[in-house]
There are 2 protein chains.
Amino acid sequence: MAVTDIATRVYDHSWRLDPIVRSLLDTDFYKLLMLQMIWREHRDVRATFALINRTKSVRLAEAVDEAELREQLDHARGVRLAKKELIWLAGNTFYGERRMFAPDFLAWLADFRLPDYDLRVADGQYELHFEGAWTDTTMWEIPALAIVNELRSRAALRARGRFELDVLYARAKAKLWEKVERLRHLPELVISDFGTRRRHSFLWQRWCVEALKEGLGSHFIGSSNVLLAMDNDLEAIGTNAHELPMVMAALADDDAGVAAAPYRVLEEWQAHYGGNLRVVLPDAFGTKAFLEHAPDWVADWTGFRPDSLPPVQAGEQIIDWWRARGRDPRAKLLIFSDGIDVDSIEATYRHFAGQVRMSFGWGTNLTNDFRGCDPQGGHALEPISLVAKVIEANGRPAVKLSDNPSKATGDPREIERYLRIFGNGGRAEAAVSV
Amino acid sequence: MAVTDIATRVYDHSWRLDPIVRSLLDTDFYKLLMLQMIWREHRDVRATFALINRTKSVRLAEAVDEAELREQLDHARGVRLAKKELIWLAGNTFYGERRMFAPDFLAWLADFRLPDYDLRVADGQYELHFEGAWTDTTMWEIPALAIVNELRSRAALRARGRFELDVLYARAKAKLWEKVERLRHLPELVISDFGTRRRHSFLWQRWCVEALKEGLGSHFIGSSNVLLAMDNDLEAIGTNAHELPMVMAALADDDAGVAAAPYRVLEEWQAHYGGNLRVVLPDAFGTKAFLEHAPDWVADWTGFRPDSLPPVQAGEQIIDWWRARGRDPRAKLLIFSDGIDVDSIEATYRHFAGQVRMSFGWGTNLTNDFRGCDPQGGHALEPISLVAKVIEANGRPAVKLSDNPSKATGDPREIERYLRIFGNGGRAEAAVSV
């Protein structure tokens with residue numbers, strides 16, 4: 001006798017839509033850390049975020065239905081933190097610390113809702129902008145990316161056969177497990193999931209995270225996704241992002257203020273967070289300039305997260321700098337998270353073994369690697385380089401230079417100005433695939 | 001909210017065991033065709049069947065728990081045909097014919113139960129014998145094999161992690177789909193599932209059959225498994241097996257009777273069944289001898305199912321014989337079913353394209369190919385060459401010579417006698433892997 005749970009079936013069909021974002025914790029942990037600081041220090045700053053598809057060849061407005069996109073964005077706007085989520089944020093230990101989030105911040109967060117959005121279509125792409133208080137718009141970054149990416153996956157998989165779909169996921173599971181088996185050969189590996197923004201879908205990210213938990217055991221230290229960390233009793237992982245120096249620089253009144261912005265961000269950060277949360281993201285305006293002009297106390301921070309140069313090159317540059325500043329790299333931490341996959345994890349791990357502590361933040365190639373898995377072939381399931389970046393703060397343009405000019409964002413004239421301030425040294429063009 | 005259907009959960013846990021055989025239709029179609037003929041013509045013959053593990057290196061009694069084996073065999077003995085199954089047997093069209101099963105036979109079948117069994121352990125192997133009326137013992141062949149094989153799979157997968165199991169099946173699904181994609185390149189392919197006896201498990205066979213239905217469309221003509229054929233509205237496929245000539249020869253009073261037995265079987269068969277069911281299984285005592293001494297009317301049958309020589313060699317031998325008898329092979333059918341897999345299907349298909357009609361019965365390598373899929377490695381999931389053969393009829397020893405001496409069964413002295421009667425010509429030793 002086949003048993004169908006009628007109530008479940010009827011309940012499932014009663015949903016107006018299959019929501020992609022069902023919790024405000026379905027976001028990256030660093031957003032919450034940054035949000036608390038922004039709320040404390042910059043509550044009056046207005047910031048505009050924009051969706052940017054760096055993979056121009058994929059015409060998103062043709063792949064993803066606009067009405068569906070609006071439905072999902074509207075649904076996300078209706079989501080609030082559940083009581084148990086607030087209790088967990090208040091009671092859980094993050095990076096070994098209790099009470100990471102202050103009671104007044106959590107009281108404000110309890111009423112948080114995502115702000116309005118502005119959606120248009122131009123030249124086959126979506127122009128999706130979020131304008132308003134920085135404390136509000138910053139929280140759109142991850143849900144907006146997750147929604148667009150998952151809607152694209154769903155569109156690609158519409159009208160497929162049941163077994164074709166089963167085989168698609170079977171191949172993706174087998175593919176991920178091959179990676180797990182290779183990673184098991186790295187005895188000191190420390191790795192976490194950074195794949196929320198580019199994930200194929202929420203359920204697939206959940207499968208990947210739970211599979212790594214079983215397959216890598218204690219080598220898998222956690223997930224940047226707060227909801228998955230909570231549900232699976234994993235560590236929530238993450239520190240800070242480019243938006244902090246980008247907004248600080250945009251708000252500066254002169255070139256000297258722009259040049260000082262990256263260090264002012266760190267000063268603010270260390271007033272709020274300590275220990276392993278003191279991780280420098282050095283490449284917003286070029287790592288070389290950042291290191292040259294950094295105050296000596298920056299070398300006392302726990303580690304760096306290089307995010308746009310090739311990992312070995314980026315790591316060597318930082319290790320050299322630590323040594324020049326008289327610090328022992330073996331006591332320091334490097335977090336690699338820029339488009340890494342098993343090959344580069346292995347190469348980076350072997351290169352730096354014994355020289356420095358390492359941690360890997362595995363993103364797109366963990367949660368959205370369906371290459372070679374689609375029974376119909378084609379590229380519809382290949383990840384695209386979609387980002388949501390701050391483009392304006394208090395009406396002034398925001399800029400990111402990056403170590404890789406392909407990852408630069410902002411008005412071309414402003415980019416020119418920033419290049420005059422920070423220099424172009426050490427930057428290197430590289431293809432951005434994810 | 002995660003929803004658990006409490007009633008289903010409680011119901012599932014209330015089973016004393018997870019049954020392997022839940023229906024008497026979970027057997028090969030040829031058993032029912034043969035059974036009707038045996039019931040009509042040989043109701044008083046007594047026949048003993050025995051389980052034979054040709055893969056001696058696998059010590060089955062150590063891999064499979066005896067108490068579990070008895071539980072499953074006992075459970076199978078309690079199963080009877082359901083009313084809807086009898087209605088389907090009566091009302092369905094088999095091989096284009098209505099009323100394949102006569103009302104008096106179905107009336108008898110309605111009360112059918114599997115007879116008792118005798119189970120012992122010797123030298124790490126199970127000695128599993130079925131003694132009684134041929135009409136009863138013949139029906140143990142498929143369920144006994146399916147039970148032992150699935151218990152072996154279950155034992156191998158005990159205490160595995162949830163994701164390890166998920167990855168195991170993901171790999172097996174991906175592996176099967178690679179085969180499907182290769183088979184799609186054969187434009188005139190006709191293929192069916194013959195994988196019940198050696199299947200990894202019932203649920204896995206069901207997945208394979210349903211996947212082939214979607215993946216190969218009309219090229220997949222059906223399943224030898226009657227239950228899966230019924231449930232999926234596929235054709236039930238199969239004709240006859242070695243047990244018919246083996247019993248007939250055993251019952252013969254002299255060597256001449258033994259030599260004539262293969263042809264007497266065919267005479268009986270064609271009195272019951274016509275058209276595409278007239279398929280010769282020529283290798284019980286060697287194909288060469290069979291063809292040399294065959295009456296001319298055998299060449300009027302629809303086709304042959306060679307079952308122990310390599311497919312190209314076997315097919316060429318039969319095509320030469322048809323030509324020598326003045327028949328056009330292009331109007332004839334060859335069914336290949338001996339240990340085939342995609343490589344041999346492709347090679348055989350290409351070799352005979354345009355010369356003869358072909359059909360492939362895909363068995364072990366369809367429903368039990370987990371080679372390379374087990375995250376723990378090892379051989380615990382590799383198929384073994386397990387068969388259930390008639391060993392005695394009315395107290396006289398039964399013998400199979402086969403074209404491959406490795407597949408011969410019976411008392412060595414009786415085999416000697418049969419070799420004197422039929423000769424050893426054309427037989428060729430080959431490794432039996434499945």
Side-chain angles (χ1 to χ4, degrees), chain A residues 1-15 19 22-23 82 84 159-184 203-204 206-217 220 231-232 370 372-377, chain B residues 1-15 19 22-23 82 84 159-184 203-204 206-217 220 231-232 370 372-377:
Chain A
M1 180 185 58
V3 177
T4 302
D5 176 13
I6 307 171
T8 301
R9 170 77 73 94
V10 171
Y11 176 79
D12 287 348
H13 281 256
S14 72
W15 282 81
R22 296 179 186 221
S23 161
K84 71 162 182 181
R160 300 291 188 101
R162 181 181 147 205
F163 284 84
E164 196 176 302
L165 287 172
D166 203 5
V167 167
L168 169 77
Y169 287 105
R171 285 178 174 169
K173 287 175 179 178
K175 190 172 190 189
L176 178 58
W177 205 258
E178 305 294 336
K179 297 183 184 184
V180 167
E181 291 183 342
R182 283 175 61 187
L183 292 177
R184 280 183 183 154
L203 290 177
W204 177 244
R206 189 170 73 183
W207 191 92
C208 294
V209 165
E210 295 179 0
L212 291 194
K213 187 181 174 186
E214 179 181 306
L216 295 178
F220 179 60
D231 286 347
N232 293 287
F370 284 71
C373 296
D374 188 347
Q376 294 200 0
Chain B
M1 181 185 58
V3 177
T4 302
D5 177 13
I6 306 170
T8 301
R9 171 76 74 93
V10 171
Y11 175 80
D12 287 348
H13 281 255
S14 73
W15 281 80
R22 296 179 186 223
S23 161
K84 71 162 183 180
R160 300 291 188 102
R162 181 181 147 207
F163 284 83
E164 196 177 302
L165 287 172
D166 203 5
V167 167
L168 169 76
Y169 288 104
R171 285 178 175 167
K173 287 175 179 178
K175 190 172 190 188
L176 179 57
W177 204 258
E178 305 294 336
K179 298 183 183 183
V180 166
E181 291 184 342
R182 283 175 61 187
L183 292 177
R184 280 183 182 153
L203 290 177
W204 177 245
R206 189 170 75 182
W207 192 91
C208 295
V209 166
E210 295 180 0
L212 290 194
K213 187 181 174 185
E214 179 181 305
L216 295 177
F220 179 60
D231 286 347
N232 293 287
F370 284 71
C373 297
D374 189 346
Q376 293 199 3

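All of these numbers come straight from a predicted model, not from anything done at the bench. Throughout, protein chains are lettered first and strands after them, A, B, ... in sequence-line order, and every chain is numbered starting at 1.
Electrostatic pairing of Glu178(B) and Arg171(A) counts as a salt bridge here, judged by a charged N lying under 4.0 Å from a carboxylate O.
The candidate from Glu181(A), Glu210(A), Glu164(A) with the greatest count of non-hydrogen atom pairs under 4.5 Å with chain B is Glu210(A). Of the listed residues (Arg162(B), Lys175(B), Lys213(B)), the one with the most heavy-atom contacts under 4.5 Å to chain A is Arg162(B).
Not counting sequence neighbours, the partners of Lys179(A) by the salt bridge (charged side-chain N to carboxylate O under 4.0 Å, His left out) test are Asp341(A), Asp369(A).
For the residue pair Ala174(A) and Ala170(B), the shortest heavy atom distance occurs at N-CB, 4.2 Å.
Between Asp166(B) and Trp207(A), the closest side-chain pair of non-hydrogen atoms falls below 4.5 Å.
Here the CZ atom belonging to Phe163(B) is positioned 8.0 Å from the NZ atom belonging to Lys173(A), to the nearest 0.5 angstrom.
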